[in-house]
Amino acid sequence: MRWKEQLLTLTPYQPGKSIEAVKKQYKLDQIVKLASNENPFGCSEQVMTALQSNQTGLAIYPDGYATTLRETLSSFLQVDEEELIFGNGSDNLIQIISRALLHPNASTVMATPSFSQYKHNAVIEGAIIKEVPLINGDHNLEAMLAAIDEQTNVIWLCSPNNPTGTYIPESKLIAFLDKVPSDILVVLDEAYYEYVVADDYYDSVKLASKYENLIVLRTFSKIYGLAALRIGYGVANRSIIKALEPAREPFNVNSLGQLAASAAIKDQNFINICKEKNRQGLEQFYEFCRQYQLDFYPTQTNFILIDCKIDGNQVFQSLLERGYIVRSGKALGFPTAVRITVGSFEQNEGVLKALGEFLAQK
Ligand SMILES: *Cc1c(COP(=O)(O)O)cnc(C)c1O
């Protein structure tokens, strides 16, 4: 077989360990997974009600236009229906964008460490990849501008950034967007948008209507608690959406996901409660880090990257044996850190107790 050469260098995405696998391996009854930034409070009850009343039937293809979800979301965001594109998770939108714009004669600019899928997809398309190191957890926007060349087709911004949790302030983002040539697509991945509390955060949807080369990506996988159903969306002006649409598979978004997401949007009370509980949960982590004098990045998300100053895999392993699945920073570009999802109050207490015990032994 003559595979694309670059495929041979890639490994499949390594997801956070599954609860069942860990239970079996370590013979534990109770496992708490705080590794994939899922919502510890699940999803809105209204979603469950909507799913139970599902009339469509599984023999029927999903609505390829996601009509109801599109109407609901366009009215919620105050954008036109033609300014939206849906993906099988925002991962799928990253793939669609890469497929539409990247090729061996194109270059693409991204921060590092950041979300792994920008690079992964760029490698598959054979594009020239320009990675710009973060400074103190933040995007180095000046260096990203300087990395642009004649071949640059796509720039990826992750704000708040995974895995650091840090965000780009409004004034810096606007100054950046003003300088990027208008024929280069800027992708602003806002998977954690709903968790943000910073005052100097921007209104990305407004920016997408102002900047004709900006697409905003969001997801129902994080605060909405619907990761299993795979729904992400992009907001951009209609000419971007029109250009991307042929690269989207016709039935990429499943029926149950469409139904669930439509119901989820209507329960903003649930979202506000989760956002509030997340901030309270973060205080538990901040307090712990101060007590143990551990460095961390202040975060606008539902996870925190903590530098334990010990091999991240070792911290990961010790927490695993105590019943907590977290993410080692090693694969995320921070070898002595762990990334922990903010859970419920009790889960946070538990994982911090386990981490405290481990650190005390060191
Ligand atoms: C979780 C995550 C995604 C992927 O979300 P899905 O919609 O589940 O595919 C995209 N970007 C970032 C930064 C994420 O953390």
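Given the structure is predicted, the values throughout are model-derived calculations rather than measurements. Each ligand, and each atom within it, is numbered from 1 in the order the structure gives. Each residue takes its place number in the sequence, starting with 1.
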Heavy-atom cut-off of under 4.0 Å around ligand 1: list whichever protein residues fall inside it, by chain and number. Gly89, Ser90, Asp91, Phe115, Cys158, Asn162, Asp189, Ala191, Tyr192, Thr219, Ser221, Lys222, Arg230
Please report the closest heavy-atom contact between Phe86 and Arg248, naming both atoms and the distance. O-CD, 3.4 Å
Going by side-chain hydrogen bond (donor to acceptor under 3.5 Å, both in side chains), name the residues that satisfy it together with Gln284, two or more places apart in sequence or in a different chain. Asn348
So Phe220 and Tyr233, would you call those rings parallel, tilted or perpendicular, with 30° and 60° as cut-offs? tilted
Qualifying residues under ring-ring contact (aromatic ring centres under 6.0 Å, His included), relative to Tyr26, sequence neighbours excluded: none
Could you pull out all residues at least two apart from Lys206 that satisfy side-chain contact (heavy atoms from CB on, under 4.5 Å)? Asp203
Any luck finding a side-chain donor-acceptor pair between Gln291 and Glu287 under 3.5 Å? no
